[in-house]
Amino acid sequence: MFRFSFMCYRAYVLSGGGALNLKIDLPKAYCEKQDLPRVDMNETATREISGDPEVAHEKAEPRGLSGWVQRLGESGMPVFAHTARDISRVSDSRESSASELARVVLQDAAMTAKLLRVANSPIFNPMGKTISTVSRAVVLLGFQEVRSICLSIAVVESMLKGKQKQHVIEEMARSFHAAVQARSIARKRKDTSPEEVFIATLLYHLGDMAFWAFAGDSASRLDSAMQQRPGEKRETIQRDVLGFVFRELTLGLSREWKLGELLEQALEGKTDRNPRAGSVTLGYELALASEKGWNDPQVKRLIERIAENLYMPVDEVTRLVKRNAEEAADTASFYGAQKASQLIPVPGDKRETHLGGEDGEPDAPAFLDPDPMLQLTILRELSTLMESKPDFNMVLEMVLEGMYRGIGMDRTLFALRTPDHRLLLGRYALGIDNEQLRSAFKFETVPQKPNLFNHVIESRESTWAGQDGGNGIQQQLLTPQVLDVSKGAPFFVTPIEICNKVIGVFYADRQPSGRSLDEDSFTSFKHFAQQGNLALAYLNRV
């Protein structure tokens with residue numbers, strides 16, 4: 001008996017429009033009596049409710065550190081906060097697995113596309129072996145590596161949409177450089193999770209980046225104060241203007257968004273008790289000092305400290321940190337932070353220019369088109385995956401990913417029969433409104449209550465429901481409950497078999513986009529299901 005373990009996470013969903021249109025218009029007589037300007041609040045209210053960043057400055061400025069932590073989470077960086085919490089939840093769970101991380105990533109088409117772009121870069125894939133699925137990326141790169149990539153993408157995506165871009169880009173360049181240096185130090189120390197050190201260092205100045213990106217007028221006021229007080233410590237100016245320093249803001253965000261104990265220890269200065277936190281701060285000190293030039297006396301002193309800590313010759317450490325600077329520039333570029341990449345001090349200015357960047361990264365399409373080449377690649381990867389003897393979950397998820405991204409379906413789902421074979425329950429879904437589909441997919445599979453899914457299980461045949469010219473029996477089996485789940489749209493469904501027993505079904509549709517289904521898509525759908533059945537049968541034998 002094989003155990004299926006599935007965890008479903010609610011993906012963050014950005015509304016496609018439909019802001020409330022509130023009409024708030026003060027009476028003219030009242031305005032004249034109070035000597036107030038007569039203001040039609042319609043436009044402002046609409047823009048605020050729809051989340052328009054242009055009106056951030058019109059809201060009351062938060063009071064104190066806790067107010068800013070709340071403001072940035074609610075109106076500045078909600079997407080990053082959701083992503084960080086979801087990934088942290090997977091990482092912290094004892095039952096978590098590589099496949100569950102893949103599920104979180106696949107809920108966001110833009111994150112999926114960018115993860116695969118980075119995973120196929122020379123930095124992470126020097127052998128040039130194509131990685132076409134998130135599931136495969138997790139297997140080849142590892143759980144921690146993919147987690148690191150996803151959080152890095154979330155940082156870049158969130159910050160570069162804000163204002164005060166020059167400050168944001170400068171902090172981002174410094175953070176990427178520091179993170180690569182810290183990871184290198186951690187590896188030399190035989191750290192068990194250098195990627196955790198990378199992420200902690202990348203987020204070490206998260207408060208700085210978030211404030212410059214989303215604080216509006218407050219950021220402009222701080223910028224003016226810094227220009228008027230050259231030579232003073234930044235922390236002094238921050239406390240005078242804001243009442244707190246950016247380090248405290250980063251610590252508050254870290255605790256609110258559960259970004260990890262290592263980051264908190266580094267921010268609290270607990271480097272003596274935890275050498276890993278020391279790697280974080282040392283990487284950042286080196287990145288900051290190198291901006292004055294690699295021959296600066298402070299850089300040389302830091303290199304000597306690193307050499308002493310690693311028990312390595314100074315010359316060897318010097319070569320190492322300079323190579324790290326080149327790697328950091330390439331890393332930032334592949335993550336889409338091209339302008340930040342150009343600010344990282346590379347010795348001899350040796351760097352490559354990569355495609356993409358803040359202004360050239362295309363948005364992910366709202367709906368995925370069929371991609372025959374991707375289908376073929378995923379089917380090949382599915383065959384290759386068998387060599388590593390994956391668990392059943394990984395196989396099922398790769399099949400679903402192939403249906404979703406390769407065939408270009410809007411929603412795909414795997415449903416599992418209960419041990420008594422009386423119920424068919426949705427267990428994992430990909431695509432738009434995936435959680436809604438998963439929770440609604442609950443059907444009795446007993447002869448007394450016939451429906452289309454029960455018919456598919458009994459007949460063991462793939463079905464295109466709602467196909468033009470469908471037979472009368474099929475129409476009778478499209479019960480109100482079935483139509484409620486599919487929302488009246490055509491769909492594909494096929495059984496999953498192990499040891500000649502149907503254990504569940506695959507379901508797919510294009511209901512959200514309203515796009516039609518076609519014969520080629522149905523053939524591809526059946527092909528993926530067939531390969532999935534063969535893979536599960538193989539795993540059952542080994």
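Sequential numbering from 1 along the given sequence is applied to the chain's residues.
Nearest heavy-atom pair across Ala186 and Val197 is CB-CG2, 3.9 Å. Among all heavy-atom pairs drawn from Met111 and Cys150, the shortest one is CE-O, 3.6 Å.
Here Glu248 pairs with Arg239 in a salt bridge; the nearest charged N to carboxylate O distance falls below 4.0 Å. A salt bridge is absent between Glu261 and Lys270; no separation between the charged side-chain nitrogens and carboxylate oxygens falls under 4.0 Å.
The ring of Phe334 has its center no closer than 6.0 angstrom to the ring center of Phe124.
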Exercise for the section: Carefully, step by step, assess Met409 and Leu368 under the rule side-chain contact (heavy atoms from CB on, under 4.5 Å). Expected result: CA-CA 7 Å; Met409 306 303 293; Leu368 301 171; over 6 Å; no

Exercise for the section: List the steps, then state whether side-chain hydrogen bond (donor to acceptor under 3.5 Å, both in side chains) holds for Arg189 with Ser279. Expected result: CA-CA 9 Å; Arg189 283 177 168 168; Ser279 296; 2.6 Å; yes

Problem - Evaluation steps, side-chain contact (heavy atoms from CB on, under 4.5 Å), between Asp240 and Arg229 - result: CA-CA 12 Å; Asp240 288 347; Arg229 297 161 65 177; 2.7 Å; yes

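For the 3.5 Å distance criterion, the side chains of Gln227 and Asp223 qualify, holding a donor opposite an acceptor. For Gln181 and His177, the side-chain atoms include at least one donor-acceptor pair closer than 3.5 Å. Residues Ser333 and Gln338 have side chains that bring a donor and an acceptor to within less than 3.5 angstrom of each other.
For Glu308, the CD atom counts as loosely surrounded, since its 6.0 Å shell holds 12 or fewer non-hydrogen atoms of other residues, nucleotides or ligands. Within 6.0 Å of the CZ atom in Arg234, the count of heavy atoms belonging to other residues, nucleotides or ligands does not exceed 12.
Within the structure, ring-ring contact (aromatic ring centres under 6.0 Å, His included) pairs that include any residue of residues 248-282 comprise Phe80-Trp257 (at least two apart or interchain).
Ring geometry for Phe211 against Phe244 counts as perpendicular: the plane angle is over 60°, on a 0 to 90° scale with 30° as the lower cut.
Here the rule is side chain to side chain donor-acceptor pair (under 3.5 Å) with Glu196, and of Gln144, Arg276, Arg147, Arg183 only Arg276 fits it.
Between the Ser290 side chain and the Gly293 main chain, no donor and acceptor come within less than 3.5 Å of each other. No donor-acceptor pair closer than 3.5 Å links the side chain of Arg438 to the backbone N or O of Phe414. Here the side chain of Trp294 pairs a donor or acceptor atom with the backbone of Pro345 at under 3.5 angstrom.
Residues Asp296 and Glu291 have side chains not in contact (no heavy-atom distance under 4.5 Å, counting atoms from C-beta outward).
Applying the ring pair (Phe, Tyr, Trp, His ring centres under 6.0 Å) test to Tyr204 and every residue at least two apart in sequence or in another chain returns Tyr284.
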Taking distance alone, no hydrogens or angles, what donor-acceptor pairs closer than 3.5 Å link side-chain atoms of residues 298-305 to residues at least two apart or in another chain?
| residue | atom | partner | partner atom | Å |
| --- | --- | --- | --- | --- |
| Gln298 | OE1 | Lys292 | NZ | 3.4 |
| Arg305 | NH1 | Glu285 | OE1 | 3.1 |

